Amino acid sequence: MDNKHEILALLRSVASGQTAPEDALLELKTEPFADLGYAKVDFHRGVRQGAAEVIYGASKTAEQILGIVQAMEARDCRNILITRMDREKAEFVAASIALDYHADARLGIALPSPQPTLGSIVVCTGGTSDQPVAEEAALTAEAMGNQVTRLYDVGVAGLHRLLSNLEPLMSARCVIAVAGMEGALASVVGGLVDCPVVAVPTSVGYGANFGGLSALLAMLNSCASGCSVVNIDNGFGAGYLASMINQMEGLEGK
């Protein structure tokens, strides 16, 4: 049992007398994780954190990824995120299970399933070169049940491009600002909106960018209040955090 909503339904069934307490206890005692030898798949993460375990694909073999997904499928998990997965691994996994693969973001969504979406998250980039990281963030947020608006190539080199999109920015519950080079986009967005901004530095840039370090430091030193920063190129982390912010209580406000 992965989903906290399923556990609540089970407890309500006990309270209404439809399910015996002994039967409910037996269901809840089901192994909270599966030991596959090479991985311990955490089935109760959805209960604790609201989302199923995410698979980091870069350092795993295609066979290991497939084994983890199949173990999660057996526990009725859907929309399973697989990050940093190359095309070869994706093709191997897709031969056995349904997989929605996005090569630009190096992200796969195993066992994709329709779900309701909530609120409003805006993902914006300084330039087109930042788009792969932005897509990782956007796809992560969408897979977790959020409405996402993309505003790409709206960096400070042409500020009018950003200012022409004030309506979606002003109505967002969270904005993800993805930028390399000098990383100024996060500060500009942070000075415009009344919601949290998750800044994502990217490794895009010339030599003095130091693989994203200059953008990271610029974002950490932002004078705009309400900006938080994730690691370099960490679109997944930004999408996950934005989802948690977007799905907090009070969605009726926006």
Side-chain angles (χ1 to χ4, degrees), residues 49-51 54 56 58 81 83-84 104-107 119-144 146-159 161-163 165-166 168-248 254:
Q49 296 187 307
V54 175
Y56 179 69
L81 284 168
T83 66
R84 303 302 165 98
D104 53 347
R106 293 184 293 163
L107 183 141
S120 177
I121 294 173
V122 170
V123 180
C124 56
T125 71
T128 304
S129 297
D130 300 309
Q131 187 169 324
V133 176
E135 273 300 293
E136 184 182 45
L139 290 165
T140 295
E142 287 176 336
M144 296 180 69
N146 304 277
Q147 295 180 15
V148 175
T149 300
R150 292 162 171 81
L151 301 177
Y152 289 168
D153 196 22
V154 292
V156 298
L159 199 55
R161 300 172 299 177
L162 179 69
L163 297 178
N165 289 283
L166 288 179
L169 286 167
M170 295 300 183
S171 60
R173 288 185 55 82
C174 184
V175 177
I176 299 173
V178 185
M181 299 293 186
E182 81 294 325
L185 180 65
S187 292
V188 174
V189 172
L192 291 173
V193 301
D194 63 352
C195 64
V197 174
V198 181
V200 189
T202 72
S203 53
V204 171
Y206 293 102
N209 174 264
F210 296 111
L213 184 59
S214 64
L216 171 65
L217 293 175
M219 290 173 171
L220 287 171
N221 284 285
S222 172
C223 64
S225 302
C227 286
S228 294
V229 187
V230 298
N231 207 347
I232 298 169
D233 292 338
N234 189 10
F236 161 73
Y240 196 106
L241 177 58
S243 175
M244 295 180 72
I245 294 170
N246 183 53
Q247 297 194 21
M248 293 176 68
K254 286 187 178 176

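Numbers for residues simply follow the sequence, beginning at 1. Small disclaimer: the values here were computed from a predicted structure and weren't measured.
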- Residue list, side chain to side chain contact (heavy atoms under 4.5 Å, CB included) with Arg150, at least two apart or on another chain: Glu135, Ala138, Leu139, Glu142, Val148, Tyr152
- Results of side chain to side chain contact (heavy atoms under 4.5 Å, CB included) for Thr128 - residues two or more places apart only: Gln131, Asp153
[atom1]-[atom2] distance between [X] and [Y], expressed to the nearest 0.5 angstrom:
X      : Y      : atom1 : atom2 : value
Leu169 : Asp194 : CG    : CG    : 10.5 Å
Leu162 : Leu192 : CG    : CG    : 6.0 Å
Phe236 : Leu241 : CZ    : CG    : 10.5 Å

State, with a plain yes or no, whether a side-chain heavy atom of [X] is found less than 4.5 Å away from one of [Y].
X      : Y      : value
Ser243 : Thr140 : no
Ile245 : Arg173 : no
Val204 : Val133 : no

Write down the atom of [X], the atom of [Y], and the distance for their closest heavy-atom approach.
X      : Y      : result
Cys124 : Val154 : CB-CG2, 4.0 Å
Met219 : Val200 : CE-O, 3.6 Å
Ala238 : Ile176 : O-CD1, 3.7 Å
Val229 : Pro201 : CG1-CD, 4.0 Å
Ala141 : Asn146 : O-ND2, 2.7 Å

- The side chain to side chain contact (heavy atoms under 4.5 Å, CB included) partner of Cys227 among Leu220, Val198, Val197, Val175 is Val197
- Message: Once side-chain hydrogen bond (donor to acceptor under 3.5 Å, both in side chains) is applied, do any residues pair with Asn234, and if so which ones, sequence neighbours excluded?
- Response: none
- Item | Side-chain donor/acceptor of Asn246 to backbone N/O of Ala242, under 3.5 Å | no
- Who passes salt bridge (charged side-chain N to carboxylate O under 4.0 Å, His left out) against Asp104, sequence neighbours left out?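 Here no residue qualifies.
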- Item | Pairs flagged by side chain to side chain donor-acceptor pair (under 3.5 Å) wherever residues 201-218 is involved - sequence neighbours left out | Asp130-Thr202, Ser203-Asp233, Asn209-Ser214
Compile the donor-acceptor pairs under 3.5 Å between side chains in residues 180-190 and protein atoms, sequence neighbours left out, one pair per line.
from	atom 1	to	atom 2	distance (Å)
Glu182	OE2	Ala184	N	3.3
Ser187	OG	Ser222	OG	2.9

